[in-house]
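In what follows, every chain begins at residue 1, and chains take the letters A, B, ... in the order their sequences are listed.
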Amino acid sequence: MELALYDTLTREKRVFTPLDPARVRMYVCGPTVYDFAHIGNARPVIVFDILFRLLRHLYGADHVTYVRNITDVDDKINARAAEEYPDLPLNEAIRRVTEKTDKQFHADVAALGCLPPTAEPRATEHIEDMKAVIERLVAEGCAYVADEHVLFRVAAMADYGKLSKRSLDEMIAGARVEVAPYKRDAMDFVLWKPSKPGEPAWPSPCGIATPGRPGWHIECSAMADRWLWTDARSRLSERGLAHPHQFDIHGGGIDLVFPHHENEIAQTRCAFHTPAMANFWMHNGFLQVEGRKMAKSEGNFITISDLLMTDTFGGRAWSGDVLRLAMLQTHYRQPIDWTVNGLELAFHTLDDWFRAAAPGRNGPPNQGVVDALLDDLNTPRMIAELHAVRKQISQPQHGEAAVELGNTLSFLGFVQQNFFAWLTKLNDQVVADPGRIDTLIDARNAARREKNFKEADRIRDELKATGIELEDHKGGTTTWKVKR
RNA sequence: GGCCACGUGGCGGAGUGGUUACGCAACGGUCUGCAAAACCGUGUACCCCGGUUCAAUUCCGGGCGUGGCCUCCA
């Protein structure tokens, strides 16, 4: 079976053929590190991690390059830095904000079971690459210098607007923002802008005297080209070299389609004279919380860290695996409604699977699961396939199906040991004294042997009142778990 | 105002021009001292109105609802 992916540019599901099977290349827009990542940020991270794992499975782990950038130049960062550290020089304050946020992001993402991308370039480390692209665009006549800014000339791009399906005329007609006077055309966008004293600044390109900083869109064009073309070149076969400056998949949230990705395409194609930037454009749908849009003003703004560490959502903390499964319960292109109900369902499902599965040993994943993913990452179908494997297990952790389930879960980034460790920790919070439970179980079993069922049931009820549920098993053993 | 999505049974959620998705919950049963687990079984859904068709939840048009983008945004 072949991999088919939905391409936003053509609005259809197409068979995925790598430009160069020896080196499959994917770029995903990562976070702007000014605040803790919210649960909406987690969606593309998880979705494209699944795709990364699938591509590694199909083409070999050493043949897939996955780049996810970190935006650490941004006016929101500047604003946050000035707000949080008013007494520090701005650049020092910015460094603190980005370092803290960056560290938290990586902790969050690791907890969600995501593999580290092949590379995570930072904007600040690629200013020279951006300036080089900007210089090229000006030399090509696709960009111009005005009032110390460098602007991309949208008219230079014949089919600008194709990705987002909008025409320049429509956009100009519908524009609600006043146009900066130095723009030749209302839709022209900034590639470089001058910095005020104290703001982050680098020597400007194009002979501009005032130091400045890059616009937002240029970083992705520059970093994608650096990592997926310039630096990847030596490892490409002739097939890949036949498509200079192009790569296979570009991903991100659907809100990035316009203007971000539209502008990336314009920059890259005009700078390098290519017919395309990426072969496939993939976008995940938006996220709502309990049926409402997530916003600080709605009071339902929720970070990954909140979900992992606090009981602010649903009255309890959640393991990263549960968040991961909850995210995959909905197909990535559908809008997702993030609810406590959804998390509880995911918890229940994962709990069942992990109890049934043998520990994952890097063996081959279930083919039905792989097939579901090959169909444009149909994760709901994937979950149905996992249920089918689970159904074949009659005795927990025994038999081929249990091994297969373990291997498949591990392939998908669900880690049994992590889940159980987390569960144990959670239980420890509920259960003050596990030894006491064992004592009561022994007492109850003694009563059962003497057919004193009244006493046995009394002990069951006593434990139940504290949230502990007992289960008797065939061999005469009794286990307990925390009732939820 | 312009553009773009989405709307499936109690809940979550795929999919399809005519046949059981799947899971959770519910209900009935087997089993069990009881219970849980496990196992077996039950439910016939596709926002509204038109159109195309022998046949539409599935295609087309309109409406309504929700959301997104057009300005920073996953």
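- Remark: the A/R444 side chain and the B/G33 base include a donor-acceptor N/O pair separated by less than 3.5 Å.
- Evaluation of atom-type donor-acceptor distances gives a pair under 3.5 Å for the side chain of A/R460 against the base of B/C34.
- B/A45: no Watson-Crick or G-U partner with both key distances under 3.5 Å is found in any strand.
- Scanning atom types as modelled, no donor and acceptor separated by under 3.5 angstrom connect the side chain of A/D74 and the base of B/C72.
- A sub-4.0 Å separation between OP1 or OP2 of B/G23 and a side-chain N or O of A/W353 is absent.
- Interface remark: the A/D337 side chain does not form any donor-acceptor pair with the B/G12 base, using a distance-only criterion of under 3.5 Å.
- Distances shown here put every side-chain N or O of A/T479 at or beyond 4.0 Å from the OP1 or OP2 atom of B/A37.
- For the pair A/D461 CG and B/A36 P, the interatomic distance rounds to 13 Å; values are reported in whole Å.
- Under 3.5 Å, the side chain of A/H283 and the base of B/A74 form no donor-acceptor pair of N or O atoms.
- Both thresholds, 5.5 Å between centres and 30° between ring planes, are not jointly met by A/F286 relative to the base of B/G67, so the two rings are not stacked.
- When the side-chain nitrogen and oxygen atoms of A/N378 are compared with OP1 and OP2 of B/G15, one or more of them lie within a distance under 4.0 Å.
- Between B/G13 and A/T330, a contact under 4.0 Å exists linking OP1 or OP2 to a side-chain N or O.
- Side-chain to base pairing of A/R448 with B/G33: one donor and one acceptor N or O lie within less than 3.5 Å of each other.
- Using a 3.5 Å distance cut-off with no hydrogens or angles, the side chains of A/N366 and A/T408 do not pair a donor with an acceptor.
- Side-chain contact check for A/L423 versus A/F347: some heavy-atom pair is nearer than 4.5 Å.
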